[in-house]
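For reference, the structure is listed below as structure tokens.
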Amino acid sequence: MNPRPENRGAAIDLDTVSKAYGAFKALDGVSLRIEPGEFMTLLGPSGSGKTTTLNVIAGFTDVTSGKLSVGGKSVVGVPAHKRNIGVVFQHYALFPHMTVGRNVAYPLTLRGIAQDERKKRVAKALDMVKMGDFAHRYPSELSGGQQQRVALARAIVFDPPLLLMDEPLGALDKKLREWLQLEIKRIHRELGTTFVYVTHDQEEALVLSDRIAVFNRGRIEQIGTGRQLYDEPATLFVGRFIGDSTVLRGEAKSDGSSTALTVAGETVAAPRRLNGEASPVMLLRPEKLAIRRPGQDAAGTNRLSGTIAEAIYLGSGSKYEVRLGDGSTAIVRSPLAGESFGLGDKVELGFDGADAKLLPDDSTADTTLT
Amino acid sequence: MNPRPENRGAAIDLDTVSKAYGAFKALDGVSLRIEPGEFMTLLGPSGSGKTTTLNVIAGFTDVTSGKLSVGGKSVVGVPAHKRNIGVVFQHYALFPHMTVGRNVAYPLTLRGIAQDERKKRVAKALDMVKMGDFAHRYPSELSGGQQQRVALARAIVFDPPLLLMDEPLGALDKKLREWLQLEIKRIHRELGTTFVYVTHDQEEALVLSDRIAVFNRGRIEQIGTGRQLYDEPATLFVGRFIGDSTVLRGEAKSDGSSTALTVAGETVAAPRRLNGEASPVMLLRPEKLAIRRPGQDAAGTNRLSGTIAEAIYLGSGSKYEVRLGDGSTAIVRSPLAGESFGLGDKVELGFDGADAKLLPDDSTADTTLT
Amino acid sequence: MSALEPTTPSAPQRAGWAWRPFALTLPALVLLAAVIGYPLITIVLRSLSEPQWGLQNYTWFFGAPVNLTVLQRTFSISAWVTVVCVLCAYPYAYLMTAVGPRVRLALILCVLIPFWVSGVVRTLSWVILLQDSGVINSLLRSAGFDGVRLIRTQTGVVIGMAQVLLPFMILPLYSVMKGIDLRLVQAARSLGARPSRAFFTVYLPLSLPGVYAGAIIVFILALGFYITPALLGGPRSTMLSTLVQTQVLSLLQWGRGGAMGVVLLVATFVLLSLAAPVMRSRHREAGRR
Amino acid sequence: QDKPVAGEVKEGSLKGKTLTFVSYGGIYQDGQAAALKEFVDKSGVKLLNDGPTEIAKLQAQVESGNVTWDVVDTDDLPPYVYCGKLFQKLDLTKLDVSKIPEGQVGECSVPAMNYGVVLMYNKEKYKDNPPKSWADFFDTEKFPGVRGIDGSGSPTGGLLEQAFKVAGGDPKTMTVADIDKAIDVVRKLGPDTIFWKTGAESQQLAESGEADMLMMWTGRAMTAVKNGAKYAPAWQDWLVVMDQMTIPVGVKDTDASYALINAYLGKQSQEVLAEKTSYTPINSEAQPKVDDSVAAFLTNTPDRQKQGYKQNFKFWVPNFAVAQEKWSALMAGN
Amino acid sequence: MEMKPLTRVILGLVCLLVAIWLVAPTLVVVPMSFNQNKSLAFPPQGFSWQWYQNFATNPEWSTSFLNSLKVASLVAVLATVLGTLAAFGLDRMKARPANLLRMLMLTPMVVPGVVLAIGIYAVYLDAQLVGTLTGFVLAHTILALPFVLIAVSANLEVFDRRLETAAASLGAGALTTFRTVTLPLILPGILSGLLFAFATSFDEIVVSLFITNPYLKTLPVQIYSSITRDADPTVAAVGTILLFATTILIGGGMLLLGRERKGRL
Ligand SMILES: Nc1ncnc2c1ncn2[C@@H]1O[C@H](COP(=O)(O)OP(=O)(O)OP(=O)(O)O)[C@@H](O)[C@H]1O
Ligand SMILES: Nc1ncnc2c1ncn2[C@@H]1O[C@H](COP(=O)(O)OP(=O)(O)OP(=O)(O)O)[C@@H](O)[C@H]1O
Ligand SMILES: [Mg+2]
Ligand SMILES: [Mg+2]
């Protein structure tokens, strides 16, 4: 949001775009407005249509129906090479017959940039991805992560006003990824470039993006800032996809101001009315759940009892999976400082009704979430 | 460690293995013993030799020098197909001329497994990676993550005693990745398969592995459990590569039992002797650092003052980058519950000398860490 | 900088190639129509109209046993030549991809050299090599094999034709093999495939476009061969072109010659279209839109 | 108008005109060009040489009305088969044919040169008991060995007549049905028979000794012997063959064509031709100076003329197509 | 690809045999060209350079040789350009029309030579193309087109089209993409098409015999008339000259071009 004043980034407008492969709909009525200079991340399960969306924007894929404009103008019929869009492909697409240096110089050569200037910019881009020493190698002589970095350098080197990146850091280790995240942020800030970014790393999405669009089965489920998606998921799918979550299912009863759910005999309540959903579920974030030994002093208005099913050491804390009475699993995160529990320990979970989100149960619509 | 009794996994022994491409050493005297049934993860920056190591074990790359045995027998000269090793390639290597189903059936066909049985096992493997509906597609008709899942299914389907996986979940979203991590763990547990696993996701490494080998520039810096690497890094490289860390540099003075470091006028001490390192550094984990407003009640024996340079919202908490007096950056993580700070706020960091690790400064040896 | 050029909304959206594919084939088609379209139509018309209108030339063709024998022989010799070419070219082309630049140069030279010496002359050379008193038979005799008849047999014809056509097989094959991703073979090996198995299940299928390309060229060229079977063969290896030649050049029997040509053309196309589905595999289709 | 005399050319008569003369190329056409040099010099015509002669090509020209060939040298049968259709009926008042041997002038053609098809045999194989006639050629019992026959395209009428004689027939009264009988005789020679496709191949067969008895063109036979082939001719019933000079239907300037042919028939021209090509001249007064090896294969000596056998043109011309078809079937292995 | 040593040896042997088979008939020509007699017999007798002299001094030979070079070069270029374009078009078309058009473009290969030759001759008579450079080039181009088409198509089959997308995203127009990415990667196919086209024209005889005239003869026409009327070893001399010329040209050229591209594995 908040397009920067010095903005040179391009706005994108996808209007009910669909793309079918035979009977299969890879995109199914996707509408998405991206402001100039915005950093938009596409998030979603594997095969949900993220790459297809990028391809549509870049002009590599014909749409079956719908409209698309970039920079305020319809780009139907504008060939890909005139769109001036930098793309980092999920599969890199490095030219096997060119060295790393020539790969990165390629877009500059096309733009008739003089040798000196070109050399300088190639060197700068390669240095940025820490591949300065590899200019004379061929792509087949690089490791996976090195290839990915070259692809990144190639997309960035010509300062396009719009950058599409399909998991550009997926093959990189954490340190390098963080460094490149900073660089990408810098480019975003300094040049006002519009970014459309695909990543599977939610932390990365939160760190980088202005807004995030959550894809599911060729549709967009929700668009919003990271906090919005985490705190106010519009659908159960989004709630479960973003961050860890505990989903409570049970018999629901709704009175004037609140809804009560009976889970394996224990009843929990949330201060919101049912909106007519036949089977509402209650979604809870791990940090909203307090974990303690049974009988210990309680926090929150609701409690549920369960058993530790899995305890995972995470370096900076622990994550517990707690088996509840109805067999479902609750996920709780506790800081290192807190009490620690062992497998099989009986525990009690407490939470505030206000922290629970009531959502319609759409879990049958998606098979990729467990 | 702790080879399981029902073990059918293969042991691996790499003995000072080197691999050179021309003058460039991709592997430089790597020695690595993997117990039968062990889950060994290779971690390291891009280009550090992880894939090369897997290739050596699988028999795709001749070593320049050194010895290698799998299952107790030297495998020099044993052709790849007799090694009975499942491999998930970083580049997937799906056969473009076969459907997904035939790709996965391929290793079974080779082993002469009857049609019925084959069908069952292919279906099971595809279901496991949630690709059951895609058996008739060709790889070129799949999304990146779908291709990766097929590659995974193909490597697993024939129950090899040794599985080499090169970032097998890198292109998958968090939910799917967690599901597959569980499946991989199950296979590991139930079949006692030996795993050699490459990942860039440290959490994944911690969740899955028995031990982790940290690679750097073709060498192994340290081998140990996740906790060991986090708590007791053998080198500064490991300390910085695994998890977040704050590195303090300054003038060092050592007396009988402790070492004091003067960082921009403030002195901090750790209860250990210098081991003769010319320039020791102090390494601190974010959760060992307490953050508070200056003058507030202190925790720990040491304190440093600084300014908030970056505040990052992480869903389940916040991460702060604090600029210290000497211009270096300290990283602190605070839970959601704690106090929150804004950019530019003056803060004080406190820590216990016992939590700091004194290490020789090898940072010049690596350029990929910032 | 403006992000985009002004647009023409009506033009179809297309990746990379903004031109309609058909336009690309147009120059070739125009030339084709101009230079052989007209003659071809005349030929078909003449086959139906000489000496009078009707199908008499076709009934004549299918009525004379000799024509059918020769037609069948033409296809079977061509098939043999194709098989021999595939079998010899495949390892050869493969070796070309597997050796160092020096050996490769030598191998390429061996392929290209025959190209440059007139086909007629080369066939005469074959007569010299294959004849009963020729070099090969002398060698065979000194090795104890006496009286091996090579010339004027179909074997001789196939040997000679295959040699002439081999480069047409090797070059397309080589150019396709060069592009095969050998990591896929590694993958097969890791999954338990013996080298031979990996070869047959992965390398071979991936090299098939080259095999098909070469095989089509060789087969079709073989169908039209005239000089080589005439010189190396006897009456029992006469091919259809010779009959056409006689009808047209000696007898000025245009109708009959034309009818033979049309039969050959149709038979070939039927064969090709039977082969077409095999040649265009779906995994490539997927990449196209 | 004067009666023309063979070889006479009017000075400057064809100045500014162009004639295209078509023949089979190689030394033969070189020789013809040399023989016509005087004609060209005197008449001032521009002479173009084209070739090789293809009747189908000529047909295409005639049909399209765009005839670019003015004088055409052809094989012996086509001018008879296509007389009046592709070749003009000759006006003999414009030519002097008096020196041409008896019976060689056709309705549409005059001979261009003579040569023969002669039976050559391997001297080393048959030693004291060489074959003497075509009857011996067809007798595989008395004379075992590999035979070589002209398989370059059209059947040789003379050979079929000889074969028919072997089958017990009389070529003079041959009928269409008899063609089969004649061809059967050839077929009986068996699978060892070689049908050579080019003159060069026949020569090569002789020089390598592949065939024991060969039906050969005299020019080839001579060259083969010169190159060391241990072969000798059996002249009895050698088959008289000649190329023919013709004028296509529809040429632009018929008179110019006649002038060329008339000059070609002259004594001196024919001597030059024979000396250059070693083919036999058709002007009976011609006295070419040739060496012995060439002379041995010239066919215009009185002796040779007596031994020669002329095919029954009257029979072959109307039955050419039938014969060709049956012959092709033999050539195609049926 | 990994091979057992035995496989390696067998492969080497097979290829050696194939190589011998390929060159043997060509090499036979060399001794024949020094024959003292006017004969193509083998083994030849004596030694003489006369046929080389003949080739050099007889204008029939030298001009026809130059004509062939000229025609074949033009044909190679024209056919390669047209054929490559067409292969592209077909590659980007829907399967059905593409298959149909592909067949159509293969017809010149399938129609028996004589039949085609006379047809073309008739057309050329009308169009005044007999014996012209244009006539030769057009006819040969048509005959060579299918080779280029097939060879290039085979390479397009295995070409990774995602690379074209990548180039387009970096700002390369259709032509530039073709020149800088597609072309280098399918070059082997185009080159073999080019070679085929050149060789087809250089060795074409059936159609050439018809469209030739005294003004313009190609080498095969010359060879043909020479070989049908007399066994002239000049033909062998020509063969030998071509043999050495190509060996030097191709071999030298490749050595000069130097380092092999090592882009692809
Ligand atoms: N064929 C080759 N020629 C030269 N160098 C090579 C070749 N293959 C790999 N290398 C180099 O070897 C080093 C190790 O490569 P390797 O693929 O093992 O890295 P990696 O640890 O798997 O990295 P990544 O995480 O990026 O996949 C890299 O620096 C790479 O550039
Ligand atoms: N050529 C094709 N034919 C048929 N289906 C296709 C084709 N290309 C893609 N698809 C399907 O379209 C859907 C969307 O694919 P897309 O590549 O956009 O997914 P994605 O969101 O990028 O997934 P990932 O995270 O795995 O890369 C997938 O289910 C895929 O199987
Ligand atoms: Mg994708
Ligand atoms: Mg790797």
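Per chain, numbering begins at 1; letters A, B, ... match sequence-line order.
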Heavy-atom pair count under 4.5 Å with chain B, highest-scoring of A:His91, A:Arg137, A:Lys50: A:Arg137
Where A:His200 and B:Gly170 come nearest, the two heavy atoms and their spacing: ND1-O, 4.5 Å
Atom of A:Asp173, atom of B:Gly44 and distance for their closest heavy-atom approach: CB-O, 3.9 Å
Heavy atoms from other residues, nucleotides or ligands near NZ of B:Lys25 exceed 12 (cutoff 6.0 Å): no
A:Arg149 to B:Ser46 - nearest heavy-atom pair and separation: NH2-OG, 2.7 Å
Spacing of CD belonging to B:Glu203 relative to NZ belonging to A:Lys319, to within rounding of 0.5 Å: 6.0 Å
Top contributor to chain B interface from A:Thr51, A:Leu172, A:Leu142 [non-hydrogen pairs under 4.5 Å]: A:Leu172
Which portion of A:Gln148 sits near chain B, non-hydrogen atoms under 4.5 angstrom: neither
Listed partners of A:Ser143 passing side chain to side chain donor-acceptor pair (under 3.5 Å), at least two apart: A:Gln146
Structural part of B:Glu310 lying under 4.5 Å from a heavy atom of chain A: side chain
Selection from B:Pro286, B:Gly47, B:Gly243, B:Ala171 maximising heavy-atom pairs under 4.5 Å formed with chain A: B:Ala171
Which atoms of A:Asp244 approach chain B - backbone, side chain, both or neither, heavy atom under 4.5 Å: both
Side-chain (B:Lys175) to main-chain (A:Pro45) donor-acceptor, under 3.5 angstrom: no
Per-residue contact mode, A:Glu178 against chain B (heavy atom under 4.5 angstrom): side chain
All side chain to side chain donor-acceptor pair (under 3.5 Å) counterparts of B:Tyr197, not counting sequence neighbours: B:Glu204
Region of A:Phe24 in contact with chain B, defined by heavy-atom distances below 4.5 Å: side chain
